[in-house]
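Presented below is the structure to which this report refers.
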Amino acid sequence: MSDKKHKTLAKQRNLFCCQTKVIETQSLNFSDMNKKHATLFKILLALFALNSITLYLYFSSSHHHNDNRRDTTAEGFPAIIPHRGPHLSKPWPIIPSYLPWSLTSNVPSKSCEAYFGNGFTKSADVLPAKAAVRSGSSWFRCHYSGTLRSSICEGGKIRMDPGKIKMSRGGEKLEDVIGRTEDEEMPEFEDGAFEVEAEERGSRSKTKKLVGEEFLNEFLPVGNVMKHTMRELVRSIVVVGETDFTCQETQLEETWKALFSSLRYAKNFSGPVCFRHAVLSPLGYETALFKGLSEDIDCQGASAHDLWQSPDDKKTARLSEFGEMIRDAFGFPVNRHHSDKAVSGHYNILFVRREDYLAHPRHRGKVESRLSNEQEVFDSLQKWASDHQECKVNLVNGLFAHMSMKEQVRAIQDASVIIGAHGAGLTHIVSATPNTVILEIISSFFRRPHFQLIAQWKGLEYRAINLDGSYANPGVVIDRLNKIMRSLGC
């Protein structure tokens, strides 16, 4: 809000207050009470209408101004690459679990906010944004988290040359890549795979690196990661002058189609491409979910409403916020009161199926099964649901491999209980609504706490059946499910 508009509103408010006081003083001199009240009411009504019109014009002009504002980068710095055509990025949704990030770095180490929110302990402006605004060149900076021991880096006016990135082609037949090592699947970046533009001061070599080893060790340490692709990407960035920085194609924040706008892989570009604003996220190995395998992350899910009233370093609403963003992206309601799914005694039990498959080329073509008698368990649950007398139970066959993403998210949000074997499909519980119960069937070959952690960080009730092998006794599963249904009032 500009100073001019602040002053205009202040004057209008003062005018309203002063006129009201005058009216109240003068009204004491009236002898005719009816006439006094009638006159006072008319004047107050007129002033109220005037103020309403003023506020309407203000917010209308403000909204119009925002619709036509220049594209901006972080902290409001104008983007350098001009924006032509329709804007592809989606507006930030209004969600119940939203909590603003602290603008300071005084976030306690190892706290929930340090793991999931603004836990950045230091930042480095490699190419300052303010200078970029003046010169029209690139900007680049990194934000380091002492808790995660990694950084998120971002920059404006960045050029990518896919010809200098070696990566697997993708789409190959499974038989052709069986036995491929993980290193063969990771991208390799030559110097100049990414470029940024800086002001030309005399002769500038195209091989000048944006950052050196000291910066990489400080902001992108290798840690326990065998091949740190983000570190290698940043190492490949070179600084060029304006005459060498050319953009034939510009991408405007193309990312996931549902959450943002669209999706495109680096290998799909036929030539160099420029990004108006690029964000380089940490590796999955450096996130809370992976670190939770070896670290005790003392953090419980809570509602944003409760955290607004009573901030707590050991509670978080960040995962719920992310789940609501996913639901909103597919057009589903995100109101936190939507969690009452048991309408008229009707309960959806979602069984997330995990079909046998060749999980990964590195498994050398061996078919993996996390639940060897999955069909038997499903058939038993179907009969149990049809015979259930206490309340109406609907068993949902969660064949996610044959469902669209929107159908998967709908099934998750409508479920009162989500049951399934340990597998990627259970990652969807991040979109589950409050009061959903998670029952995970865990093979002795795959005992990892991923989904227990997600449930914990979302504040969902979690239960597990640990198997001796990969066979689940249907009677044990039904018995555990009966206990859950009783706890839900069924």
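Since this is a predicted model, take the numbers as computed values, not measurements. Excluded from the calculations below are hydrogen atoms, water molecules and symmetry mates; all remaining heavy atoms, backbone and side chain alike, are included.
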| message | Walk me through whether Leu319 and Phe116 qualify under side-chain contact (heavy atoms from CB on, under 4.5 Å). | response | CA-CA 8 Å; Leu319 266 73; Phe116 301 109; 3.5 Å; yes

Would Glu376 and Tyr471 count as a side-chain contact (heavy atoms from CB on, under 4.5 Å) if you check the C-alpha gap in whole Å, the side-chain angles of each, and the deciding distance to 0.1 Å? CA-CA 10 Å; Glu376 179 188 4; Tyr471 177 86; 3.5 Å; yes

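- Side-chain atoms of Glu295 and Tyr115 include a donor-acceptor pair closer than 3.5 Å.
- In the displayed structure, Lys227 atom NZ is contacted under 6.0 Å by more than 12 heavy atoms of other residues, nucleotides or ligands.
- A salt bridge is defined here as a Lys NZ or Arg NE, NH1 or NH2 lying under 4.0 Å from an Asp or Glu carboxylate O, and Asp379 with Lys383 fails to meet this definition.
- At a threshold of 4.0 Å, the pair Glu218-Lys122 counts as salt-bridged, since one of the basic side-chain nitrogens sits closer than that to a carboxylate oxygen.
- Trp384 and Asn482 form a side-chain donor-acceptor contact under 3.5 Å, judged by distance and modelled atom types alone.
- The closest side-chain heavy-atom distance from Lys458 to Ile429 is not below 4.5 Å.
- Taking 4.0 Å as the cut-off between side-chain N and carboxylate O, Glu190 and Lys164 do not count as a salt-bridged pair.
- In Met405, the CE atom is not crowded: 12 or fewer heavy atoms of neighbouring residues, nucleotides or ligands sit closer than 6.0 Å.
- Note on Glu440 versus Arg448: no salt bridge recorded, every NZ/NE/NH1/NH2 to OD/OE distance being 4.0 Å or above.
- Between Phe120 and Val107, every side-chain heavy-atom pair lies at or beyond the 4.5 Å cut-off.
- Legend: residues meeting side-chain contact (heavy atoms from CB on, under 4.5 Å) with Gln300, ordered by chain and number and at least two apart, are Gln456.
- Cation-pi geometry between Arg353 and Phe378 is satisfied (NZ or CZ under 6.0 Å from the ring centre, within 45° of the ring normal).
- Enclosure of atom CG in Asn466 by more than 12 non-hydrogen atoms of other residues, nucleotides or ligands within 6.0 angstrom is indicated.
- Here the shortest heavy-atom pairing between Ala317 and Leu307 reads N-CD1, 3.7 Å.
- Checked for salt-bridge contact, Arg318 and Glu113 meet the test: a charged N lies under 4.0 Å from a carboxylate O.
- Between the side chains of Glu324 and Ser97, at least one donor N or O lies within less than 3.5 Å of an accepting N or O.
- Ile484 CD1 to Ser487 OG: the interatomic distance, rounded to the nearest 0.5 Å, is 6.5 Å.
- For Ser109, the side-chain contact (heavy atoms from CB on, under 4.5 Å) partners at least two apart in sequence or on another chain are Thr147.
- You'll find the side chain of Phe322 reaches within 4.5 Å of the side chain of Val430, heavy atoms only.
- The shortest non-hydrogen separation linking Ala455 to Tyr462 is CB-CB, 3.8 Å.
- A donor and an acceptor atom, one from each side chain of Asn348 and Asp414, are nowhere located under 3.5 Å apart.
- Counting only heavy atoms from C-beta outward, the side chains of Glu154 and His277 approach each other to under 4.5 Å.
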- Run the numbers on Phe400 and His428 for ring pair (Phe, Tyr, Trp, His ring centres under 6.0 Å), then give the verdict. CA-CA 10 Å; Phe400 282 0; His428 275 305; 5.2 Å; yes

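- Pairing each heavy atom of Arg231 with each of Asn217, the nearest pair is NH2-OD1, 2.8 Å.
- In this structure, the side chains of Glu461 and Ile438 stay at 4.5 Å or more apart for every pair of heavy atoms.
- A pairwise comparison of heavy atoms in Leu426 and Gly420 identifies CD1-O, 3.9 Å as the closest pair.
- Of all the heavy atoms in Pro221 and His228, the pair that sits closest is O-CD2, 3.4 Å.
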(request) Check step by step if side-chain contact (heavy atoms from CB on, under 4.5 Å) holds for Leu460 and Val437. (result) CA-CA 6 Å; Leu460 301 177; Val437 180; over 6 Å; no

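- In this model, no donor atom of one side chain and acceptor atom of the other lie less than 3.5 Å apart for Ser151 and His143.
- The CD1 atom of Ile297 sits 11.0 Å away from atom OG of Ser111, with the distance rounded to the nearest 0.5 Å.
- Residue pairs meeting the disulfide bond (SG atoms under 2.5 Å apart) criterion with at least one partner in residues 280-327, sequence neighbours excluded, are Cys112-Cys299.
- With respect to the salt-bridge test (charged N to carboxylate O, under 4.0 angstrom), the residues Arg149 and Glu286 do not qualify.
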Practice task
In sequence, state the C-alpha distance, the side-chain angles, and the governing distance for Leu289 and Ile454, and then conclude on side-chain contact (heavy atoms from CB on, under 4.5 Å).
Solution key: CA-CA 8 Å; Leu289 188 60; Ile454 294 176; 4.0 Å; yes

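- Between the Ser372 side chain and the Ser470 main chain, a donor and an acceptor come within less than 3.5 Å of each other.
- For the pair Thr436 and Val417, the minimum side-chain heavy-atom distance is 4.5 Å or more.
- Residues Leu293 and Pro449 form a side-chain contact, since some pair of their non-hydrogen atoms from C-beta on lies under 4.5 Å apart.
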